[in-house]
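Here's the structure we're looking at; comments come further down.
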Amino acid sequence: MSSERCRIVTKTTKEQCKNIGRPEFAGFCRVHAPMQEDKLKKTWKEKLETGALAITYAQVVYQLLRVIIPNLPELFGSGGSSLKAKHFLENELFDEPVFLKFADSYSPGSRVDWDGLKEIYLDVKDLEDRSNEVNSNDLNRIYSKVDNWFTNLNDYHKNLLFEAIEDFKEEK
């Protein structure tokens with residue numbers, strides 16, 4: 001019977017492991033198989049790195065939203081669900097009322113996709129909440145959403161956003 005047990009002997013009690021040794025693991029049990037330990041370390045390392053990246057990414061997106069909201073005016077406002085999305089973001093990200101910074105010029109009819117930003121915010125919040133389960137596909141999906149949102153932003157608002165980011169960098 002002892003030949004079927006795992007080959008490992010504990011360091012502290014000097015007793016042989018009571019689990020059954022498996023031929024595919026060279027006589028070790030699943031717990032003590034050397035290749036399993038390396039795979040497990042690699043898996044945990046990848047999970048920790050991806051989780052840390054997810055949390056960092058979430059913080060970057062939150063900060064970007066805090067720069068976007070007060071710096072992208074709309075002359076007549078979006079109205080409807082887009083306005084509700086903007087108010088939702090303001091309530092989530094700011095403790096005090098948000099006042100728009102006045103631009104030197106306005107571009108009538110220019111709109112900001114607040115619904116898209118709200119979707120990105122909710123995705124990032126979900127990503128942060130489950131950071132220990134995140135994989136690279138989740139990060140790529142959110143990156144694509146942010147990239148698409150920015151690509152679809154009109155030139156007027158892109159310029160305002162670039163100026164706001166430069167001002168933010170100078171403040172820090």
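Residue numbers start at 1 and run along the sequence shown. Note: hydrogens, waters and symmetry copies are ignored here, and every other heavy atom, side chains too, is used.
- Here CG of N159 is found 9.5 Å from CG of L153. Values are rounded to the nearest 0.5 Å.
- The main-chain N or O of C6 is found under 3.5 Å from a side-chain atom of Q16 such that the two form a donor-acceptor pair.
- The shortest distance between side-chain heavy atoms of K145 and N148 does not fall below 4.5 Å.
- F150 and V124 fall within a single hydrophobic cluster, where Ile, Leu, Val, Met, Phe, Trp and Tyr are joined by side-chain heavy atoms under 4.5 Å apart, directly or via other members.
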Worked verdict on D126 versus R130 for salt bridge (charged side-chain N to carboxylate O under 4.0 Å, His left out): CA-CA 6 Å; D126 175 60; R130 56 182 189 83; 3.0 Å; yes
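- Surrounding CG of L122 are more than 12 heavy atoms belonging to other residues, nucleotides or ligands, all under 6.0 Å away.
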Could you walk me through whether V134 and L139 pass the side-chain contact (heavy atoms from CB on, under 4.5 Å) check? CA-CA 8 Å; V134 172; L139 297 174; 4.1 Å; yes
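- Within 6.0 Å of OH on Y143 lie no more than 12 heavy atoms contributed by other residues, nucleotides or ligands.
- Inter-residue side-chain proximity for F28 and N19 is flagged as unmet; no heavy-atom pair is nearer than 4.5 Å.
- Taking the ring centroids of F162 and F168, they lie at or beyond the 6.0 Å cut-off.
- Contact check for L161 versus N71: no side-chain heavy atoms found under the 4.5 Å cut-off.
- Looking at L53 and E49, their side chains never come closer than 4.5 Å, going by heavy atoms from C-beta outward.
- One finds the NE2 atom of H157 at 11.5 Å from the CG atom of D113 (value rounded to the nearest 0.5 Å).
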Should I68 and W149 be marked as a side-chain contact (heavy atoms from CB on, under 4.5 Å) after you check the CA-CA gap, both sets of side-chain angles, and the distance that decides it? CA-CA 12 Å; I68 289 171; W149 180 87; 3.9 Å; yes
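- N154 contributes atom CG, which lies 9.0 Å from atom CG of L72 (distance to the nearest 0.5 angstrom).
- Rounding to the nearest 0.5 angstrom, the gap separating the CD atom in E133 from the CG atom in N135 is 10.5 Å.
- Between D138 and R141 a salt bridge is recorded (basic side-chain N to carboxylate O distance below 4.0 Å).
- Both L89 and I165 belong to a single network of hydrophobic side chains, linked directly or stepwise wherever heavy atoms of I, L, V, M, F, W or Y lie under 4.5 Å apart.
- Between K125 and E92, some side-chain heavy-atom pair lies under the 4.5 Å cut-off.
- Taking the six-membered ring for Trp and thresholds of 30 and 60 degrees, Y121 and F88 have ring planes more than 60 degrees apart, a perpendicular arrangement.
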Carefully, step by step, assess E90 and H87 under the rule side-chain contact (heavy atoms from CB on, under 4.5 Å). CA-CA 5 Å; E90 289 172 346; H87 290 304; 3.2 Å; yes
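- When each of L117, V112, V98 is paired with I69, the side chain to side chain contact (heavy atoms under 4.5 Å, CB included) condition holds for V98 and for no other.
- The distance from atom SG of C29 to atom CZ of R5, rounded to the nearest 0.5 Å, is 11.0 Å.
- Taking 4.5 Å as the limit, every side-chain heavy atom of S81 sits out of range of all side-chain heavy atoms of W114.
- Donor-acceptor pairing under 3.5 Å is lacking for the side chains of E128 and Y57.
- Note that CG of D155 is 11.0 Å distant from CG of L160, once rounded to the nearest 0.5 Å.
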